[in-house]
Asker: 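Have a look at this one before I ask anything.
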Amino acid sequence: MGSFFSSSKKSKDIFTIGFYNVENLFDTVDDPKTFDDDFTTNGKNHWNNKRYRDKIKKLGSVISQLGNEQSYYAPAIVGLVEVENAKVVRDLVNSKDLRNHHYGFVHYDSPDDRGIDVALLYNKQLFELLGSEHFPLYLEDDEGKRDYTRDVLVVYGKLNGELVHILVNHWPSRREGTEESEYKRVEAAKLASTIVEVIQAKNFDAKILIMGDFNDDPTSKSVKEYLVTEDFYNPMEKILDRDSVGSLTYEGKWNLFDQIIISKNFLEKKEGKLYFEHAAVFNKKWLKIFKGKLKGSPFRTYIGPWYQGGFSDHFPVYVFFKKNK
């Protein structure tokens with residue numbers, strides 16, 4: 001990792017911002033309004049309280065360790081996707097490894113067919129929550145019917161005393177095929193860009209973080225052409241350039257769908273202000289499958305209907321911000 005990680009002393013001037021697709025974090029209760037039946041006790045995945053509690057414990061352990069090689073604190077902010085409801089997020093912040101880190105959370109129910117939402121955890125000692133909103137993404141299928149998907153969550157507050165806006169995204173999947181579904185992710189990118197324009201209209205120099213599982217790489221059209229405008233920098237693009245580094249695998253190839261994109265004013269070193277220092281994929285050995293054809297991939301909870309007992313099918317990603325003295 002180079003000299004950045006050579007210091008063993010944890011700094012109180014470094015703040016970690018993370019993002020994690022937690023792979024189907026469902027409770028065991030059937031919600032009649034969504035297609036969550038697979039994740040119930042009688043569903044095909046045989047989801048039960050023991051498995052649920054184990055997953056909560058594992059995810060809490062991962063989140064608590066994001067950035068801990070450099071920062072004195074647990075992450076200041078963590079965006080989450082694939083959470084079913086407020087209950088599972090509450091259970092997560094109350095889990096063994098997170099309960100002493102003063103986490104609050106922001107969550108809204110999305111109209112997604114599967115009943116999965118986006119959320120944001122924030123460390124109350126490091127981030128002062130000022131407000132939040134959510135914006136629906138309107139898509140239509142081939143028959144002109146509405147295709148229900150996840151909202152974009154916008155949270156704003158003060159990190160180290162500075163006003164920061166955070167957009168949490170979970171863009172439409174590639175299930176129908178990468179090219180066939182690309183227009184949906186372009187629409188998601190346009191929505192995020194419109195939200196950014198509204199924020200910048202009120203404050204032209206707003207500090208903004210756009211995080212999410214974009215179901216596209218940093219080099220994909222939706223991200224590179226429609227989202228990362230001249231006001232933004234995507235540190236994940238450099239990570240993708242390296243061999244075998246990504247946040248998930250598909251058919252033996254690495255992708256980096258999970259990204260944290262920053263406004264360029266985070267690159268400026270101003271006295272007392274936070275500036276961007278480093279981005280990384282949290283891909284520790286113990287988060288990986290250790291043998292077989294999927295060796296090295298994220299150790300996930302399920303492969304199809306088969307329970308594996310792992311963490312998630314995605315690695316989390318994170319960035320460090322450092323306070324300039």
Side-chain angles (χ1 to χ4, degrees), residues 19-40 43-45 47 52 78-92 104-122 129 131-156 165-178 180-199 210-216 222-223 226-227 257-259 302 312-314:
F19 174 80
Y20 200 5
N21 178 330
V22 291
E23 187 203 351
N24 294 320
L25 183 55
F26 284 88
D27 61 25
T28 57
V29 182
D30 182 26
D31 181 344
K33 299 196 291 292
T34 65
F35 300 120
D36 68 343
D37 302 23
D38 291 350
F39 285 91
T40 54
K44 75 172 187 187
N45 289 341
W47 192 233
Y52 172 68
V78 184
L80 300 174
V81 301
E82 292 205 8
V83 296
E84 186 185 13
N85 50 36
K87 178 195 181 297
V88 302
V89 185
R90 190 174 293 110
D91 287 348
L92 184 58
F105 67 90
V106 181
H107 164 271
Y108 294 92
D109 283 315
S110 285
D112 179 74
D113 291 332
R114 286 176 54 217
I116 53 171
D117 306 328
V118 305
L120 185 103
L121 309 185
Y122 62 95
L129 177 69
S132 63
E133 298 173 79
H134 61 123
F135 296 86
L137 174 60
Y138 287 100
L139 296 171
E140 290 183 355
D141 62 19
D142 297 338
E143 296 165 4
K145 290 182 186 158
R146 185 168 170 199
D147 185 356
Y148 290 98
T149 186
R150 281 77 59 175
D151 293 347
V152 178
L153 171 62
V154 180
V155 177
Y156 50 99
H165 292 77
I166 305 131
L167 281 66
V168 188
N169 300 258
H170 187 191
W171 290 1
S173 80
R174 296 181 165 197
R175 201 170 295 120
E176 306 139 43
T178 304
E180 292 84 347
S181 59
E182 183 183 59
Y183 76 95
K184 295 181 179 182
R185 290 183 295 282
V186 167
E187 286 303 312
K190 287 178 180 175
L191 173 60
S193 292
T194 302
I195 294 166
V196 166
E197 284 168 14
V198 171
I199 293 167
I210 308 172
M211 60 174 67
D213 173 357
F214 299 116
N215 271 300
D216 266 339
S222 61
V223 177
Y226 288 91
L227 187 64
F257 292 170
D258 306 274
Q259 299 165 52
Y302 280 89
S312 169
D313 54 356
H314 290 240

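Residues take their numbers from the sequence shown, with the count starting at 1.
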Asker: Would you name the heavy atoms of Q259 and D216 that are closest together and state the gap between them?
Answerer: NE2-O, 2.9 Å
Asker: I need the L80 CG to L121 CG distance, nearest 0.5 Å.
Answerer: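 It comes to 4.5 Å.
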Asker: For F214, enumerate each residue passing the ring-ring contact (aromatic ring centres under 6.0 Å, His included) test, keeping only those at least two apart in sequence or located in another chain.
Answerer: W171
Asker: Is a donor on one side and an acceptor on the other found under 3.5 Å between the side chain of R146 and the backbone of Y138?
Answerer: no
Asker: Nearest 0.5 Å, what's the CD1-NE2 distance between I210 and H165?
Answerer: 12.0 Å
Asker: Can you check salt bridge (Lys or Arg N to Asp or Glu O under 4.0 Å) on E182 and R185, steps first, answer last?
Answerer: CA-CA 5 Å; E182 183 183 59; R185 290 183 295 282; 6.0 Å; no
Asker: Tell me, do I195 and F135 make a side-chain contact under 4.5 Å, heavy atoms counted?
Answerer: yes
Asker: To check you understand the geometry: which heavy-atom pair defines the closest contact between A188 and P172, and what is its length?
Answerer: CB-CD, 4.1 Å
Asker: Counting C-beta onward and ignoring hydrogens, is there a side-chain heavy-atom pair between S312 and N24 closer than 4.5 Å?
Answerer: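 No - every pair of side-chain heavy atoms lies 4.5 Å or more apart.
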Asker: How many angstroms lie between CG in L137 and NZ in K190, if you round to the nearest 0.5 Å?
Answerer: 11.0 Å
Asker: Considering all heavy atoms of both residues, which atom of D109 and which atom of E84 are nearest to each other, and what is their separation?
Answerer: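 The pair with the smallest heavy-atom distance is OD1-O, 4.4 Å.
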Asker: So which atom in Y20 and which in H314 form the shortest heavy-atom distance, rounded to 0.1 Å?
Answerer: CE1-O, 3.4 Å
Asker: CG of L191 to OH of Y226: how many Å apart, nearest 0.5 Å?
Answerer: 14.5 Å
Asker: Specify the closest pair of heavy atoms between R175 and R114, including all atoms of both residues, with the distance to one decimal.
Answerer: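 Closest approach of R175 to R114: NH2-NH1, 4.3 Å.
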Asker: Could you list the residues that satisfy side chain to side chain contact (heavy atoms under 4.5 Å, CB included) with K87, not counting sequence neighbours?
Answerer: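 Here the qualifying residues are D27, Y52, N85, D91.
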Asker: Take N45 and Y302, measure what side chain to side chain contact (heavy atoms under 4.5 Å, CB included) needs, and give me the verdict at the end.
Answerer: CA-CA 8 Å; N45 289 341; Y302 280 89; 3.5 Å; yes
Asker: Holding to ring-ring contact (aromatic ring centres under 6.0 Å, His included), I want the full list of residues that pass it with H107, two or more places apart in sequence or in another chain.
Answerer: none
Asker: Got a sec, which residues hit side chain to side chain contact (heavy atoms under 4.5 Å, CB included) with T194, two or more places apart in sequence or on another chain?
Answerer: none
Asker: Mind checking what makes side chain to side chain contact (heavy atoms under 4.5 Å, CB included) contact with Y108, not counting sequence neighbours?
Answerer: V106, S132, H134, L153
Asker: Enter the distance from F19:CZ to D213:CG here, rounded to the nearest 0.5 Å.
Answerer: 5.5 Å
Asker: Between V152 and E133, does the side chain to side chain contact (heavy atoms under 4.5 Å, CB included) criterion hold? Intermediate values first, please.
Answerer: CA-CA 8 Å; V152 178; E133 298 173 79; over 6 Å; no
Asker: Roughly how far apart are S193 OG and L227 CG, rounded to 0.5 Å?
Answerer: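 Output value for this atom pair is 5.0 Å.
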Asker: With sequence neighbours left out, write down each residue that passes salt bridge (Lys or Arg N to Asp or Glu O under 4.0 Å) with D147, or none if nothing qualifies.
Answerer: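 Checked D147 against salt bridge (Lys or Arg N to Asp or Glu O under 4.0 Å); matches are K184.
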Asker: Measure the shortest side-chain to side-chain distance between V155 and V168 over non-hydrogen atoms and say whether it is less than 4.5 angstrom.
Answerer: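 No. Closest side-chain heavy atoms not under 4.5 Å.
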Asker: Do you know the tightest heavy-atom contact between N169 and A192?
Answerer: OD1-CB, 3.9 Å
